[in-house]
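Each ligand, and each atom within it, is numbered from 1 in the order the structure gives.
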Amino acid sequence: MIRRIAVFALAALVAAPLARADDRAPAKIGVLAFRGGEDALKRWSPTADYLSAAIPSARFEVAPLEPEELNAAVEKGALGFVLTNTGNYVDLEARHGISRIVTLRTPSGSVFGAVIFTRADRADVKTLEDLKGKSFMAVQPEGFGGLQMAWRELKAHGLDPFKDFKTLKFSGFPQDNIAFAVLKGEVDAGTFRTETLETMAAEGKIRLRDFRVLNPRSHPGFPFLVSTRLYPEWPFAKLKNTPPELAQAVALALLQMPENAPAARAGGYRGWTVPLDYTPVHELYRELRLGPYAELGEITVADLAKQYGHWIAAVILVLIVFGLWLLRTEQLVARRTRELSRANDELERAAAERHRAEAEARERRAELAHVHRLNTMGEMASGFAHELNQPLAAVVNYARGAVRRLKQNAVEPGELLAVLEQVAAQAERAAAIVRRIRAFIRKEEPRHVALDFNKIVRETAGLMTAEAEREGARLIFALANPLPRVHADAVQLEQVIVNLVRNAIEAMAEASSPVREITLRTMPAAEGAVEIAVEDTGPGLPQIGRERLLEPFFTTKTGGLGLGLSISQSIVEAHGGRLTAAPRPGGGAVFRFTLPIAGEARHDAA
Ligand code: ADP
């Protein structure tokens, strides 16, 4: 089609000057060739000739063009005038500033509309609303009279022709086919421009009574069946740069064209009238968002790309880079999280393992300490027997004395009372010793409480007195007073003291030291601790490293276990203190250890 039009256009442009050898300035009239170039030339060339004859300064030529070609030619300014349908004119007016100089007058006037119709016997189609879900036929999708005028009315009744019809077909030209399709029942309804039905009826092709007009309207002075508002006919327009004098001359010539001029007859019209108001057409396009208003309120991606292409590209690039970076970061974070959680599991396992091992070690240590205490007590049994002997002997003596006096009847009640009190006191002393021994050998969980250290030292040493005396050793107390309470387990503390005192006794006995003194010294020490020192006048420490001395199973004694010092050390350390051994100035050895003061936070090491 385009090629055919182009050929005709070319023929028109080339042939005219050759034929007439007219050397006047050419004035091109771009004509919308909606029925093909041939038809356009046939219809409008006489009008061009009329103008050429009427205006001496210019030679008018018709250029039949398809809508896109017409648009391009106007954009380029390649035409002087444009002759096109109402819809297309408004589009070009809005886009390229062409302006109408006159409006076409047809035999029926200068305005027209569209008629929407169905077959008269269709009882189910009486209103536009009834068309929902029905089949419909129009001339062309872009046709002004061929669809758009009807579309505006359909829209006003809530129907979108492209969505709400069962089918929407287009007949093209001749538009008469729509009337036939409706009659045959091929479609339920159709639309075309006004006057077509009446023309067909006049030509005997149809009978008007076979049709029902939907949404019928009446407009004063308008004689045809119509369903829509009315719009002005085709305008004759000038381009923005067309010389005003030429435009004026053309307008005048066209307005003066007689009704029956050959040009009017060839074009099927009745001359021209003053330019009409095309505002209703703009309104239609605005409502339907078509033509110049297609982009109204919706900015297309293509528009954006055209206007901000490089910015969009840059932003997209940045987004892509950012996205990739984000992705990578997320991956790294995920991997790191996995690693960390693995490491964490590992740590938790290790910590649990350590706790378990520590608990086990603590248990074993307590077990060992208990066994050692039992052993120690066993070794000290004769000492205890001796210790117990004293109060028991005293009890026996007091009791016997009392019995003797009673038998002699020489007893004063007051005297007897004093004797019995002595008996009770001595028995109490024996009981206390037994209690201490039992407590010492009992197997109990360590209980850390605030203790009077001096008291513990004195009572523990009490257990040793008998043994010390047997070996000719003397216990000397040098206890600082007052002394802060310590935070410790009493039995464990006693065990350490017993170990150190026994070691001192044994060392002095073994070496047959001439002076046998054991000094138990308590004193406040630095950093919230108290210290106890057990000094002896024995042979001094064996000539080996002090660490060896504290090792388990190191002993220099026949029958020694070598556990006393190592157990003592672990007890002291579990209390947050330290056990040290040193030579005593002037001979002998000093064993010292520290303990945290009660209330200090170091007990948690136990
Ligand atoms: P045991 O008493 O069973 O030998 P200990 O661990 O109590 O085990 O003592 C380890 C060794 O330390 C002793 O065999 C002894 O050689 C030395 N020792 C401990 N106390 C003294 C002390 N007061 N004077 C000299 N040597 C000591």
What residue and heavy atom of the protein are closest to atom 24 (N) of ligand 1, and at what distance? Ala507 CB, 3.6 Å
Between His575 and Asp489, does any side-chain donor sit less than 3.5 Å from a side-chain acceptor? no
Tell me the protein heavy atom at minimum distance from atom 4 (O) of ligand 1, and give that distance in Å. Thr555 OG1, 2.6 Å
So, does Thr522 use its side chain to make a donor-acceptor pair with the main chain of Ile532 at under 3.5 Å? no
Specify side chain, backbone, both or neither for Asp536, according to which of its non-hydrogen atoms lie closer than 4.0 Å to ligand 1. side chain
Mark yes or no for whether Thr594, through its side chain, and Arg578, through its backbone, hold a donor-acceptor pair below 3.5 Å. yes
For the 3.5 Å polar cut-off, considering only N or O atoms, please tell me whether Lys557 and ligand 1 meet it. yes
Intermediate values then yes/no, side chain to side chain contact (heavy atoms under 4.5 Å, CB included), Val496 and Gln492: CA-CA 6 Å; Val496 176; Gln492 288 190 334; 5.8 Å; no
Which option out of Ser568, Gly562, Ala589 puts a heavy atom nearest to atom 8 (O) of ligand 1? Gly562
To the nearest 0.1 Å, how far is atom 7 (O) of ligand 1 from its closest protein heavy atom, and which atom is that? Asn503 ND2, 2.9 Å
Fit a plane to each ring of His487 and His448, take the angle between them on a 0 to 90° scale, and name the class: parallel (under 30°), tilted (30 to 60°) or perpendicular (over 60°). tilted
With a 4.0 Å cut-off on heavy atoms, does Leu563 reach ligand 1? yes
Kindly assign one of parallel, tilted or perpendicular to the pair Phe136 and Phe165, based on the angle between their ring planes and the thresholds 30° and 60°. parallel
Report the nearest protein non-hydrogen atom to atom 21 (C) of ligand 1: residue, atom name, distance rounded to 0.1 Å. Phe591 CE1, 3.7 Å
Could you go through Phe453 and Ile597, starting from their C-alpha distance and side-chain angles, then the distance that decides it, and tell me whether this counts as side chain to side chain contact (heavy atoms under 4.5 Å, CB included)? CA-CA 10 Å; Phe453 199 16; Ile597 291 172; over 6 Å; no
How far is atom 10 (C) of ligand 1 from its nearest protein heavy atom, and which residue and atom name does that atom have? Phe554 O, 3.1 Å
Interfacing atoms of ligand 1 (cut-off 4.0 Å, heavy-atom, Pro542): 16 (O), 26 (N)
Glu467 and Met464: CA distance, side-chain angles, deciding distance, side chain to side chain contact (heavy atoms under 4.5 Å, CB included) verdict: CA-CA 5 Å; Glu467 194 175 350; Met464 317 293 300; 4.0 Å; yes
Yes or no: does Gly540 have any heavy atom under 4.0 Å from an atom of ligand 1? yes
For Leu561, atoms of ligand 1 separated by under 4.0 Å from a heavy atom: 3 (O)
Could you tell me the residue and atom name of the protein heavy atom closest to atom 14 (O) of ligand 1, and the distance to it rounded to 0.1 Å? Thr556 N, 2.8 Å
Are Glu346 and Arg349 ion-paired here, with the side-chain N under 4.0 Å from a carboxylate O? yes
How far is atom 5 (P) of ligand 1 from its nearest protein heavy atom, and which residue and atom is that? Leu565 N, 3.6 Å
Here's a test for you: under side-chain contact (heavy atoms from CB on, under 4.5 Å), which of Thr580, Val572, Val534 qualifies with Arg592? Thr580
Pull out every atom of ligand 1 sitting under 4.0 Å from any heavy atom of Leu549, numbered as shown with elements. 12 (O), 17 (C)
Under 4.0 Å to a heavy atom of Gly560 - the qualifying atoms of ligand 1, by number: 3 (O)
